[in-house]
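See structure below.
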Amino acid sequence: MKKKEKPFVSAVIPAAGSSSRMGEDINKLLLLIDDIPVLARTLLSFQNNENIDEIIVVCRECDILGYAELCKSFSISKVSQIVRGGQTRTESVLCGVKACSDKSEFIAIHDAARPLVSQDIITNVINDAINYGAAAPLVPCKDSIKRIENGFIIGDIKRDSIAAVQTPQIFKSDIIKKALENAKDKNLSLTDDCAAVEYLGVSVYVSRGDYKNIKITTPEDIELAQTLLKEV
Ligand code: CTP
Ligand code: MG
């Protein structure tokens, strides 16, 4: 029997945020972890994954030239376009998705701020997305989670009914395009791309996440990333 050809997979890397929680005048994506910028580490993870056919970087207009240079100096040859993002993450992702090749069958959306994603996680989520149409990596919550209101705890949430979602979140191209256009039309405020897809009533498969796949958000995350990198 003829082996089914592997699908064309695009990676969209939203990198158009303003790093406000990292501190004033800092671009967290250019901070170094063991001498390599966060953004370069993230892009290299996708460059080195054999299932990824092209990479679209979405960034602020002022960073386009600098990021093109960064791609050149780290030989990230799969980057086909660097496009301008929007005011919200969802807008930025939509800009990236629109720039994907017409050949694209699956789109993997991955935060530029998650530089420690492993090859195993990328490949595993791609395979789950091929099987189920939509998949995202999740990890169980370690802390107990409470409902709060006006400064007081008002209730509990069963820990086994919740999980923390990471990226890459991977979808069939037509599903994510429709979901993000819908989110834009309805002006939905979303923090991840699964939420846009869930809104359409499409089920997203729960793939295996990784506690090491942290998002660089506040200054201590850089130290944490250095430590985690030493363990790999
Ligand atoms: N992002 C984006 N466009 C936006 C906002 C965020 O492409 N308008 C990207 C960020 O660059 C980041 C990812 O989405 O790679 C996750 O966002 P987050 O960690 O919140 O980064 P920032 O928005 O830059 O940080 P902050 O919220 O602290 O300002
Ligand atoms: Mg943000």
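Note that the coordinates shown come from a computational prediction; the quantities given were computed from them, not determined experimentally. In each ligand, atom 1 is the first atom listed, and ligand 1 is the first ligand listed.
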#### Entry: Identity and separation of the nearest protein heavy atom to atom 29 (O) of ligand 1
Ser20 OG, 2.5 Å
#### Entry: Nearest-contact summary for atom 27 (O) of ligand 1 - protein heavy atom, Å
Arg21 NH2, 2.9 Å
### Summary
The reported gap from NZ in Lys78 to CG in Asp53 (rounded to nearest 0.5 angstrom) is 7.0 Å
### Query
Taking atom CG of Asn213 and atom OG1 of Thr167, what is their separation to the nearest 0.5 Å?
6.0 Å
### Query
In terms of atom number and element, which parts of ligand 1 are under 4.0 angstrom from non-hydrogen atoms of Ser19?
22 (P), 24 (O), 25 (O), 28 (O), 29 (O)
### Task
Working to the nearest 0.5 Å, report the span between CG of Leu224 and CD1 of Ile216.
7.5 Å
### Query
Can you find a non-hydrogen atom of Arg114 under 4.0 Å from ligand 1?
no
### Query
At a non-hydrogen distance cut-off of under 4.0 Å, which region of Met22 contacts ligand 1 (side chain, backbone, both, or neither)?
neither
### Task
Go through Asp156 and Lys146 one step at a time and tell me if the salt bridge (charged side-chain N to carboxylate O under 4.0 Å, His left out) criterion holds.
CA-CA 5 Å; Asp156 294 306; Lys146 303 287 186 188; 2.4 Å; yes
### Task
Write out the residue and atom name of the closest protein heavy atom to atom 7 (O) of ligand 1, then the distance separating them to 0.1 Å.
Ala16 N, 2.8 Å
### Ser92 contact mode with ligand 1 (heavy-atom cut-off under 4.0 Å)
side chain
### Heavy atom of the protein closest to atom 19 (O) of ligand 1 (residue, atom name, distance)
Lys215 NZ, 2.7 Å
### Task
Consider every N or O of Gly17 and every N or O of ligand 1, then say whether any pair is closer than 3.5 Å.
yes
### Same apolar cluster: Leu94 and Tyr199, side chain cutoff 4.5 Å
no
### Query
If you measure every N/O of Ala112 against every N/O of ligand 1, is any gap under 3.5 Å?
yes
### Message
Does only the side chain of Glu91 get under 4.0 Å from ligand 1, or the backbone, or both, or neither? Count heavy atoms.
### Response
neither
### Query
Closest non-hydrogen protein atom to atom 13 (C) of ligand 1, residue and atom name please, with distance?
Asp111 OD1, 3.4 Å
### Query
Which one holds for Thr88 and ligand 1: side chain close, backbone close, both close, or neither close, with close meaning a heavy atom under 4.0 Å?
backbone
## Note on the structure
Closest non-hydrogen atoms of Phe74 and Leu44, given as atom of the first, atom of the second and distance, are O-CD2, 3.7 Å
### Task
Specify the protein heavy atom at minimum distance from atom 15 (O) of ligand 1: its residue, its atom name, and the distance to 0.1 Å.
Pro14 O, 2.8 Å
### Query
Under 4.0 angstrom from ligand 1, any heavy atom of Gly85?
no
## Note on the structure
Nearest non-hydrogen protein atom to atom 25 (O) of ligand 1, with distance, is Lys28 NZ, 3.5 Å
### Query
Got a protein heavy atom sitting under 4.0 Å from atom 17 (O) of ligand 1?
no
### Query
Which residue, Ser101, Ser80, Ser104, Ser173, forms the side-chain hydrogen bond (donor to acceptor under 3.5 Å, both in side chains) with Ser10?
Ser104
### Message
Under a 3.5 Å threshold, yes or no: a donor from one side chain and an acceptor from the other, between Lys186 and Asn182?
### Response
yes
### Query
Can you list the atoms of ligand 1 that are under 4.0 Å from a heavy atom of Gln87?
8 (N)
### Query
Got a second to check how far Tyr132's OH is from Ser203's OG, nearest 0.5 Å?
11.5 Å
### Message
Any salt bridge linking Lys230 with Asp34? Criterion: basic side-chain nitrogen under 4.0 Å from a carboxylate oxygen.
### Response
no
### Task
Answer yes or no: is there a donor N or O on one side and an acceptor on the other, between the side chain of Arg114 and the main chain of Gln166, under 3.5 Å?
no
#### Entry: Nearest heavy atoms of Phe46 and Ala11, plus distance in Å
CD2-CB, 3.7 Å
### Query
Which ligand 1 atoms does Ala113 reach within 4.0 Å, using its non-hydrogen atoms?
15 (O)
